[in-house]
Each structure stands twice: as structure tokens, then as C-alpha cells.
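Single-structure report; data block below.
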Amino acid sequence: RAVTLLRNERGLLPLTPNQACMVVAVERRLSQYGQRMSAEFRQRAPGAKITIVDSSMPLRALMDDVGDTGACSSLTIAVFLAGGSLSGDVMTFIEGLTNAPVPTALVAMGSPYIVTKFPKVTAYLSTFSPTQPSEVSAVKALFGEIPITGHSPVTIPGFGQIGDGLQLSARSR
């Protein structure tokens, strides 16, 4: 019930697994954040290109690791923030991804305010938590396995007020 959807332009969610891609951005290189999420995403989209990036990486390395996203049907960017911040290069890198023509779903794992830095995202989902159960719930919500019923407990300037949340039913099996 905590998974909250505040934007879903062009009906991007639920995702279709064909050629779905994912970038996981974490604060520190030695982090468990995103590991479970990546495994869950790959289970649902076996051919997905999944890249984990961190704040220690310079822009050129970030771009090289992700490569061309043009073949992706959608790009999910999961940002894990548990109190710190992402470096300028990671922020610039994510901004570039959200400006590309590939539809982008931003998933805030932890602080929901990160979305204010990327106003061009196609879909915006937040769990308000970076824990493993939240990682699993986010992936299930992305692929329509569970309904999205959350309401924002905070106001996010430009994205939603307290109590906002788009409701999305689970995809029938």
C-alpha cells in the first residue's frame, strides 16, 4: 500500500518485459541497495539490460556502462537515497536519460524528492523506503503484479500534494 504513483503518462505502467531496461543508482559503490530489485526485474524481463551505477563514477564511465538505450522499449531508473545525495555526474547522467526519447519510469527508493530534479520522466513511482521488501514491491508494481494504491504522505513540488496518488489495478493474469 505504500507504493505510490504520481505520474503515468502514455500509460507506461505496467511495463511490458520486452526490451525493458533498468538503471539502478546508489550513493556508494559498496551497497546492497538495488541488488534484490535487479534480480526481481531480471526474473520478469529475462533479456533486460540492467546497470548499477554509483556516485563515484565519472560521467564518461556512466555513459559507457549504460551504452545505447535506443533499443529499450522503456527505461526504469531506480534511485536509492537513504539520507545522502548522488554526485553531480550521476545527476547529469540521469537527466540525460530522462531527456532521451525512450519512455522513462523513475522509481524513488527512499527520498521521494529526487523526482523534482527530473521533471521530464514519463512515470514516477515512490516507495518512500529503500528496504528489500520495498524493492520487491516496486518491481511487482512496475509489472502490474500488484495494484498501486498508495497516497503521498508529503507534498512534492511540481508532482503532487499530500494525499495524491494515481490508482492502478493489478494486471490480470
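Please read these numbers as outputs of a predicted model, since none were measured by experiment.
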Min side-chain heavy-atom separation [X]-[Y] under 4.5 Å:
| X | Y | answer |
| --- | --- | --- |
| Phe159 | Asp164 | no |
| Thr98 | Ile77 | yes |
| Val3 | Phe128 | no |
| Val136 | Val139 | no |
| Pro112 | Val154 | yes |
| Asp65 | Met57 | yes |
| Asp54 | Val90 | no |
| Gln167 | Ile148 | no |

Measuring from atom [atom1] of [X] to atom [atom2] of [Y], what distance do you get when rounded to the nearest 0.5 angstrom?
| X | Y | atom1 | atom2 | value |
| --- | --- | --- | --- | --- |
| Ile50 | Cys21 | CD1 | SG | 9.0 Å |
| Leu125 | Leu5 | CG | CG | 6.0 Å |
| Thr104 | Glu9 | OG1 | CD | 11.0 Å |
| Glu27 | Ser56 | CD | OG | 12.5 Å |
| Thr76 | Leu106 | OG1 | CG | 9.5 Å |
| Leu97 | Phe118 | CG | CZ | 9.0 Å |

Do [X] and [Y] sit in one hydrophobic cluster, given that two such residues count as connected whenever their side-chain heavy atoms are within less than 4.5 Å of each other, even indirectly?
| X | Y | result |
| --- | --- | --- |
| Leu13 | Phe41 | yes |
| Val79 | Leu12 | no |
| Leu75 | Val115 | yes |
| Val23 | Ile114 | yes |
| Val107 | Leu168 | yes |

How close do [X] and [Y] get, heavy atom to heavy atom, and via which atoms?
| X | Y | answer |
| --- | --- | --- |
| Gln32 | Glu135 | O-OE2, 4.4 Å |
| Ala45 | Pro17 | CB-O, 3.7 Å |
| Val24 | Gly34 | CG1-CA, 3.8 Å |
| Val102 | Gly70 | CG2-CA, 4.3 Å |
| Pro157 | Thr116 | O-CG2, 3.6 Å |
| Ala170 | Ile146 | CB-C, 3.8 Å |

* Asked: Can you list the steps and then say if Ser126 with Leu6 is a side chain to side chain contact (heavy atoms under 4.5 Å, CB included)?
  -> CA-CA 8 Å; Ser126 183; Leu6 291 176; over 6 Å; no
N/O donor-acceptor pair under 3.5 Å between [X] side chain and [Y] backbone:
| X | Y | value |
| --- | --- | --- |
| Thr131 | Ser129 | no |
| Arg7 | Val121 | yes |
| Ser73 | Gln19 | yes |
| Ser134 | Pro130 | no |
| Ser55 | Ser87 | yes |
| Thr127 | Ala138 | no |
| Ser74 | Pro103 | no |

* Full working for side chain to side chain contact (heavy atoms under 4.5 Å, CB included) between Tyr124 and Ile156 -> CA-CA 11 Å; Tyr124 173 60; Ile156 303 169; 4.0 Å; yes
* side chain to side chain contact (heavy atoms under 4.5 Å, CB included) assessment of Ile94 paired with Leu62 -> CA-CA 9 Å; Ile94 293 172; Leu62 294 164; over 6 Å; no
* To do: Not counting sequence neighbours, which residues clear ring pair (Phe, Tyr, Trp, His ring centres under 6.0 Å) with Phe80? List them please.
  =>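 Checked Phe80 against ring pair (Phe, Tyr, Trp, His ring centres under 6.0 Å); matches are Tyr33.
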* To do: Just grab all the salt bridge (charged side-chain N to carboxylate O under 4.0 Å, His left out) pairs involving residues 35-53, residues at least two apart or on different chains.
  =>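 Counting only pairs at least two positions apart or across chains, the salt bridge (charged side-chain N to carboxylate O under 4.0 Å, His left out) contacts touching residues 35-53 are Arg36-Glu40, Glu40-Arg44, Arg44-Glu145.
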* To do: Taking salt bridge (charged side-chain N to carboxylate O under 4.0 Å, His left out) as the test, write out the residues that go with Arg10, two or more places apart.
  =>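 None.
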* Around atom CD of Gln35, are there more than 12 heavy atoms of other residues, nucleotides or ligands at under 6.0 Å? ->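 Counting neighbours around CD of Gln35, more than 12 heavy atoms of other residues, nucleotides or ligands fall under 6.0 Å, so yes.
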